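A note on names: the letters A, B, ... follow the listed sequences, proteins ahead of strands, and every chain is numbered from 1. The structure displayed is predicted, hence computed values, not measured ones.
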Amino acid sequence: MESDIISNLALGFSTAVSPINLFYCFIGVLVGTLIGVLPGIGPVAAVAMLLPLTFNLDAVGAIIMLSGIYYGTQYGGSTTAILVNLPGESASVVTCMDGYAMARIGRAGPALAIAAIGSFFAGTVGTILVALLGPPLAEIALKFGAPEYFSLMVMALIAAAVLAHGSMLKTICMIVLGLLVGIVGTDVNSGMSRFTFGASGLADGLSFVVIAMGLFGFAEILCNLQDKADTASRDILNQKITGLMPTVVDMKAAFGAICRGTAIGAFFGTLPGGGPTISAFSAYAVEKKLAKDPSRFGKGAIEGVAAPESANNAAVQCAFITTLTLGIPHGATMALLLGALTIQGIAPGPQVMTQRPDLFWGLIASMWIGNAMLVILNLPLVGLWIKLLKVPYRFLYPAIMVFMAIGVYSVNNLDLDIYMTIFFGILGYIFIKLKCEPAPLILAFVLGPLMEENLRRALLISRGDPTVFITRPISAAFLIATALLLAFMIVPSFRKKREEAVADSEAL
Amino acid sequence: MKIKNQEDFWAGLMFVGFGALAIWLSTDYPMGTASRMGPGYFPTYLGAIMLVLGAIVAMMSLKSGNGEKITPFAWKPMIMLSLGFLLFGWGVDHIGFIPALFGLSVITAAAGQKFNVVEVLLMTVVLIAGAVGIFIYGIELPFPLFWWR
């Protein structure tokens, strides 16, 4: 067993350190950091936008690069959170509080360093966890039949609703809407066109690139154009960053926080529906609870940087566990990565590990290498990122629009895809106005066809008897877990906690 | 009767609408039976679930809420960004990649509050050069550059 892991990791590293894959990894983390630094464009839109760049690559290179973009955004996001009090994306919102406070008292260097060290530690633990947990989980998953898969997907979607921001009922509606959007196209069983309104361009279904760009790219820009006047007057620290290395006292204080943050992130990352944002918030809350003197938080407590930064990175890495072994993405970004695999002709699922060991282990090894690159890259390039932040938004958004348009068009060379992006963009803008969370929709959209197929198969085997979902033990366990999640939401005290947490995160 | 939460009220109505639309469209597809699901089975049930949940959301918004209101829509950016995309989608095949990009960049830039002709033209040139470099020469996307080629 252990020697298996070692030989597997050896295969992984030999795949990952090939010069071309190292290069893809480097490009991935570099572009990811860049996008993490720029506000107003998150990881989902980033991965979707850069997808066309990977069309000509082989599957290993493509997935290495796209994953690099994903975890790179976390790093970039924290850099701006610390230096300019501007979270590059939602998972680094909490880092602002103590990170920026540290920067203001002249300790930007240690803050950046501890964020990088914590993230690297968490990334290493995450990589080991993926290597350890992946194979046994895939083994179990290979035994899953249609009922188990269906119940698992129900659980994943409900978990996404429970952990999402905002009203759970509305989020469940968004999930159902996503499942419906997934129906668009030709039904594989009957060959019938459904929800295509007679458009032949929709016969193959909607592309997830179109939906991601519309909901996360187009809609975000509309929102930004309305909310912010030009952002030339950002409060950018012009002081020189001195004394990068944290002191021994810092390290001692941060060590526990890094470990706890990593554990929390690993937990939420593995959980379907969990993700970096909720991990970071929970880790920060735990540190504040545990601290002897909670009043230090918000005034530059190093634990307040170490814990959430470790947590969000651990969550990002551990998200790969369920995504790779079960073929069930746990969030919007992972759904995109799986979509990218499908474009490469690889059906996601437990068989990937046995059929394409180079891909699976190569990705794991490259994640660790990528994390190391980020530590090395991030600190010297801080100055460049700050310069980039000074680019006014009026130059930024047309560039994003141009990249988005080319990205969408290049998937199928179809003008209809562009028009559909407008549709989803305006729809996404309406969602934002109505406080409906769009991320679960895209998760449901990717799972929709799988869900219908597994429901069909399960009911076919059982001759239409729906009790099949509760008489098979594994399937029943998933459904019981789902019921518990829902029951928790109805328990008033827990619901109040969740609402407080949501309110906290919105207040920031 | 007063709506206590405008956001939820309209969100609920939107979901009811989408649910009804799904059910209505699915009437064209055979339902089949549970053991042999037809193409209409899954979407009809999804539509029904959404209709019911949407109705609950809308009804609850009448009872509870803190007077949440919907902020006004930004019509100008909405129209300009859509126009830019429309032009690009139509344009790549008809007028070529470079003119389509030019249109997209200038029109979207006009969606903002500041519009300085020189600035926008400069930015557009840089964007086009970058895009042509990366996408046409770099990863060799097969788009015609101009209408004559």
Side-chain angles (χ1 to χ4, degrees), chain A residues 52-53 55-56 167 169-170 172-173 176-177 179-180 183 187 189-190 192 194-195 218 221-223 225-226 229-230 393-395 397-399 401-406 409-410 413 415-419 421-422 425-426 429-431 433-436 451-452 455-456 459-460 462-466, chain B residues 7-8 10-11 14-15 18-19 22 25-26 29-30 33-39 41-43 46-47 49-50 53-54 56-57 60 68 70-71 73-74 77-78 81-82 84-86 88-90 92-93 101 104-105 108-109 111-114 120 123-124 127 131 134-135 139-143:
Chain A
L53 292 178
F55 285 163
N56 294 354
S167 144
L169 208 52
K170 280 200 283 185
I172 295 180
C173 287
V176 179
L177 186 58
L179 293 172
L180 280 169
I183 291 203
D187 176 34
N189 268 53
S190 61
M192 206 164 198
R194 294 186 291 180
F195 296 177
F218 204 103
I221 292 179
L222 281 177
C223 240
L225 282 178
Q226 179 167 22
D230 220 335
Y393 194 66
R394 65 175 190 277
F395 296 133
Y397 79 85
M401 288 294 284
V402 162
F403 264 85
M404 270 175 29
I406 299 171
Y409 196 90
S410 63
N413 289 347
D415 54 351
L416 182 70
D417 281 350
I418 295 273
Y419 309 143
T421 309
I422 302 175
I426 291 176
Y429 185 53
I430 295 172
F431 288 157
K433 291 274 173 200
L434 300 178
K435 298 253 161 57
C436 296
M451 229 173 149
E452 183 179 17
L455 177 65
R456 190 199 316 270
L459 289 177
L460 186 69
S462 73
R463 305 216 169 93
D465 180 5
Chain B
E7 287 164 9
D8 279 15
W10 290 106
M14 174 181 75
F15 291 130
F18 277 127
L25 286 172
S26 301
Y29 317 132
T33 59
S35 57
R36 290 200 173 277
M37 277 167 52
Y41 193 91
F42 197 53
L46 288 180
I49 292 172
M50 190 143 81
L53 291 180
I56 296 174
V57 171
M60 276 166 57
E68 284 92 341
I70 297 164
T71 49
F73 283 81
M78 238 160 102
L81 295 196
S82 304
F85 255 47
L86 275 176
F88 182 83
W90 170 85
V92 175
D93 256 0
L101 274 185
L104 173 63
S105 172
T108 52
Q113 284 141 337
K114 252 192 202 169
V120 170
M123 172 190 75
T124 302
L127 276 180
I134 296 171
F135 293 102
I139 61 172
E140 299 177 343
L141 292 180
F143 302 146

From the list A/Asn189, A/Asp417, A/Ile418, the residue making the most non-hydrogen contacts under 4.5 Å with chain B is A/Ile418

Under a 4.5 Å cutoff for heavy-atom pairs, which residue among B/Val57, B/Ile70, B/Ile56, B/Ile49 has the most contacts with chain A?
B/Val57

Between A/Ile183, A/Leu416, A/Leu180, the one whose heavy-atom pairs under 4.5 Å with chain B are most numerous:
A/Leu180

Examine whether an atom of B/Leu46 lies under 4.5 Å from a heavy atom of chain A, and if so say whether it belongs to the side chain, the backbone or both; otherwise answer neither.
both

Proximity breakdown for B/Leu53 and chain A, heavy-atom pairs closer than 4.5 Å
both

List the atom of A/Phe431, the atom of B/Met14, and the distance in Å for their closest heavy-atom pair.
CE2-CE, 3.3 Å

Please tell me if the side chains of B/Leu81 and A/Leu222 come closer than 4.5 Å, counting only heavy atoms from C-beta onward.
yes

Which region of A/Thr421, side chain (C-beta onward) or backbone (N, CA, C, O), has a non-hydrogen atom less than 4.5 Å from a non-hydrogen atom of chain B, or is it both or neither?
side chain

B/Met37 and A/Arg456: which non-hydrogen atoms are nearest, and at how many Å?
O-NH1, 3.2 Å

Structural part of B/Leu104 lying under 4.5 Å from a heavy atom of chain A:
side chain

What closest approach, in Å, do A/Arg194 and B/Pro39 show between heavy atoms, and which atom pair accounts for it?
NH1-O, 2.5 Å

Name the member of A/Leu177, A/Leu169, A/Ile172 that forms the most heavy-atom pairs with chain B at distances under 4.5 Å.
A/Leu177

Go through the atoms of B/Thr33 and report whether side chain, backbone, both or neither lie under 4.5 Å from a heavy atom of chain A.
neither

Residues B/Gly54 and A/Cys173: closest non-hydrogen pair is N-SG, 4.0 Å

Validation row: A/Phe195, B/Pro43 side chains within 4.5 angstrom (heavy atoms):
yes

Could you tell me which of B/Ala111, B/Gly112, B/Ser82 has the largest number of non-hydrogen atom pairs under 4.5 Å with chain A?
B/Ser82

Go through the atoms of B/Phe15 and report whether side chain, backbone, both or neither lie under 4.5 Å from a heavy atom of chain A.
side chain

Using only atom types and a distance under 3.5 Å, with no angle test, would you say the side chain of A/Tyr397 pairs donor to acceptor with the backbone of B/Thr108?
yes

If every non-hydrogen atom of B/Ala34 is compared with every non-hydrogen atom of A/Leu459, which pair is closest and at what distance?
O-CB, 3.2 Å

Validation row: A/Val402, B/Phe88 side chains within 4.5 angstrom (heavy atoms)
no

Measuring from atom CG of B/Asp93 to atom CG of A/Asn413, what distance do you get when rounded to the nearest 0.5 angstrom?
8.0 Å

Classify the angle between the aromatic ring planes of A/Tyr409 and B/Phe143 as parallel (below 30°), tilted (30 to 60°) or perpendicular (above 60°).
perpendicular

Residue part contacting chain A, namely of B/Phe85, when any heavy atom lies under 4.5 Å
both

Mind checking the OG-CE spacing from A/Ser167 to B/Met60? Nearest 0.5 Å is all I need.
7.0 Å

Indicate the atoms forming the closest heavy-atom contact of B/Thr71 with A/Lys433, along with that distance.
OG1-NZ, 2.9 Å

Which atoms of B/Leu86 come close to chain A, meaning under 4.5 Å heavy atom to heavy atom: side chain ones, backbone ones, both, or neither?
both

With a 4.5 angstrom heavy-atom cut-off, which part of A/Ser190 approaches chain B: side chain, backbone, both or neither?
side chain

Show your working on side chain to side chain contact (heavy atoms under 4.5 Å, CB included) between A/Asp415 and B/Val92 and close with a plain yes or no.
CA-CA 8 Å; A/Asp415 54 351; B/Val92 175; over 6 Å; no

Output the option from A/Met451, A/Met401, A/Arg463 having the highest count of non-hydrogen pairs under 4.5 Å with chain B.
A/Met401

Is chain A contacted by the side chain of B/Met78, its backbone, both, or neither, given a heavy-atom distance below 4.5 Å?
both

Residue selection (most heavy-atom pairs with chain B, distance under 4.5 Å) from A/Ile430, A/Ile406, A/Ile426, A/Leu455
A/Ile406

Look only at the side chain of A/Tyr419 and the backbone of B/Trp90, and say whether a donor-acceptor pair between them is shorter than 3.5 Å.
yes

